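A short worksheet on the structure shown next.
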Amino acid sequence: MAGSSSVMRRVYLALYNWAVFAGWLQVLCLAVKAIKESGYEHVYDAVKKPLLLAQSAAVLEILHGLVGLVRSPITATLPQIASRLYVTWGILWSFPAVQTHLLVSSLVISWCITEIIRYSFFGTKEAVGSAPSWLLWLRYSAFLLLYPTGIVSELGLVYTAMPFMKESGKYCIRMPNIWNFSFDYFYIAVIALGIYAFPTYTAICLGRGRRLCPNPKRTREIPKKIHSPSAAALAAF
Amino acid sequence: MKVTVASRSGKEIIKGGLELADSATVADLQEAIHKRTKKYYPSRQRLTLPLQPGSKEKPIILHYKKSLNDYTDGNASNLTVVFKDLGPQVSYPILFFWEYLGPLIIYPIFYFLPVYQFFGYKGERVIYPVQTYALYAWCFHYFKRIMETFFVHRFSHATSPLSNVFRNCAYYWTFGAYIAYYVNHPLYMPVSDLQMKIGFGLAVVCQIANFYCHILLRNLRGSGSGGYQIPRGFLFNIVTCANYTTEIYQWLGFNIATQTVAGYVFLMVAASIMTNWALAKHRRLKRLFDGKEGRPKYPRRWFSFELYAFVTDHCSSLLSV
């Protein structure tokens with residue numbers, strides 16, 4: 001692909017991916033430092049600024065998909081980013097009581113390693129045209145461990161926050177009001193727990209199976225983002 | 001003539017093919033397939049003419065009323081058809097009955113029975129007049145729909161896939177419960193008397209207009225047949241799908257009177273679904289009635305009476321769709 005617009009696209013995407021990579025690397029370093037020096041209760045306090053920034057930056061990826069800068073379908077990236085933002089802002093940032101939980105450490109570390117591998121993979125691909133096969137291998141192998149630890153941490157934190165949701169009534173709209181509407185944030189958590197449980201099983205089995213036994217026709221293509229919805233979690237991982 | 005029945009992957013569904021009279025219709029073919037396969041009753045069968053591999057055209061679907069001769073091009077003694085199983089089918093009246101029965105039963109449950117104590121609201125409930133009128137309006141609406149399903153509507157396709165029963169019932173029943181919960185809530189706040197009267201007034205007028213639209217549509221089709229005609233008369237002179245228009249405005253009236261976010265959400269969703277249908281029907285009628293070969297030309301109309309429709313229709317007529 002020649003042309004200055006595609007060069008600009010690659011430069012922008014390379015910069016984007018490496019910038020966010022640096023953000024997550026910083027989060028990881030701060031997290032490890034906090035665990036060593038002060039204990040797991042202080043991880044959130046230490047990492048919150050770069051974490052909130054790096055995770056929220058992922059919203060740009062939805063934009064990239066929408067304007068066609070990248071080929072991944074937004075039907076795959078949107079749920080993944082939405083769930084990350086929900087846990088980051090809707091649970092962690094909103095409910096200070098869960099910020100000192102052990103699962104915050106496992107969550108942060110799982111996310112950091114995942115994102116560091118992922119953003120370096122795409123950063124390399126955009127910068128030099130392709131990524132080394134060991135990095136691709138690392139991405140899909142790390143998935144096996146980090147997806148479960150990530151999901152367990154996310155679910156655990158949602159569950160831990162639930163009593164505090166009920167108690168504080170945060171983000172709730174109560175009746176009576178002139179629009180005869182009510183909203184209970186607690187039930188969003190209930191629904192979220194239900195939604196998490198189902199695709200996890202599907203994604204792990206199907207996604208991994210596809211990569212282990214790839215269609216030879218497919219691997220000869222330039223690695224694009226994965227089209228199949230069954231590997232959606234994998235693609236965004 | 002000999003008819004070969006194959007699946008889309010080329011496998012023969014009926015070994016050795018079928019022998020049918022030259023004057024046989026597609027319906028006869030479907031009956032013959034059903035006799036041989038037992039499982040695939042005619043409404044489950046989708047029969048098409050084979051396409052060239054790699055062709056991007058839409059396959060020609062065999063119409064049950066047509067003669068088989070209409071589909072053989074020259075070679076009158078041999079015909080190959082491609083078979084697809086549409087899955088278990090349900091007749092439209094049955095589908096509609098189950099969809100509409102849910103709201104008809106669920107809504108009064110919230111009005112009459114003490115369900116709110118299970119949501120944590122103990123004690124006596126004050127019922128405002130608007131809540132009672134809403135009950136009447138709602139139940140009359142769904143009762144009318146069931147009656148129209150059995151006595152008024154004439155359907156273009158006989159059946160719908162079974163999976164639609166679950167999907168459509170989920171839609172109607174869930175929204176029914178969602179709206180019923182809020183309108184009959186112990187902490188419900190009514191709007192002003194004037195607003196209520198305007199809302200229900202609009203709803204009543206539109207219900208009657210909607211019924212009349214259905215009668216006009218019914219008279220377009222002879223008994224037992226599908227097929228399309230240009231709708232005329234009453235609001236159909238202005239709008240292709242006046243039946244959907246009146247339905248949407250009837251729900252608007254209900255919401256003006258009851259004022260719940262739940263009701264307005266339902267209105268948005270229902271209106272967008274119906275607008276999509278109206279657009280498809282408008283396009284289909286314009287395509288069928290193109291003014292050529294003695295067919296009448298479809299008159300310029302809005303396809304449904306909302307602003308979005310107005311804009312799109314003008315754009316499509318500019319592009320000579």
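Quick caveat: nothing in here was measured; it's all calculated off a predicted structure. Each chain gets a letter, A, B and so on, in the order its sequence line appears, and its residues count up from 1.
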Within a reach of under 6.0 Å around [atom1] of [X], are more than 12 heavy atoms found that belong to other residues, nucleotides or ligands?
X: A:W89; atom1: CH2; value: yes
X: B:F143; atom1: CZ; value: no
X: B:Y116; atom1: OH; value: yes
X: A:Y187; atom1: OH; value: no
X: A:K49; atom1: NZ; value: no
X: B:R8; atom1: CZ; value: no
X: B:Y111; atom1: OH; value: yes

* Asked: Atom CZ of B:F119 and atom OG of A:S182: how far apart are they, to the nearest 0.5 Å?
  ->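 It is 9.5 Å, given to the nearest 0.5 Å.
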Sorted by number, residues from residues 171-178 of chain A in contact with chain B (heavy atoms, under 4.5 Å):
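Within residues 171-178 of chain A, near chain B: A:M175, A:P176, A:N177, A:I178.
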Taking only heavy atoms into account, what residues of residues 159-167 of chain A are found under 4.5 Å from chain B?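 None at all.
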Q: Under the side-chain contact (heavy atoms from CB on, under 4.5 Å) rule, collect the residues that match up with B:S9, sequence neighbours excluded.
A: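 If we apply the side-chain contact (heavy atoms from CB on, under 4.5 Å) test to B:S9, skipping adjacent residues, the hits are B:S7, B:K11.
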* Asked: Can you say whether B:Y178 sits under 4.5 Å from chain A via the side chain, the backbone, both, or neither, judging by heavy atoms?
  ->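 Only the side chain of B:Y178 comes within 4.5 Å of chain A.
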Return the minimal non-hydrogen interatomic distance between B:T260 and A:N180, and the atom names on each side.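 Of all heavy-atom pairs spanning B:T260 and A:N180, the closest is CG2-CB, 3.7 Å.
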What closest approach, in Å, do B:Y264 and A:W179 show between heavy atoms, and which atom pair accounts for it?
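Looking at all heavy atoms of both residues, the closest pair is CE1-CZ3, 3.8 Å.
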Item checked: Toward chain A: residues of residues 187-210 of chain B with heavy atoms under 4.5 Å ->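 The list, in residue order, reads B:L187, B:Y188, B:M189, B:P190.
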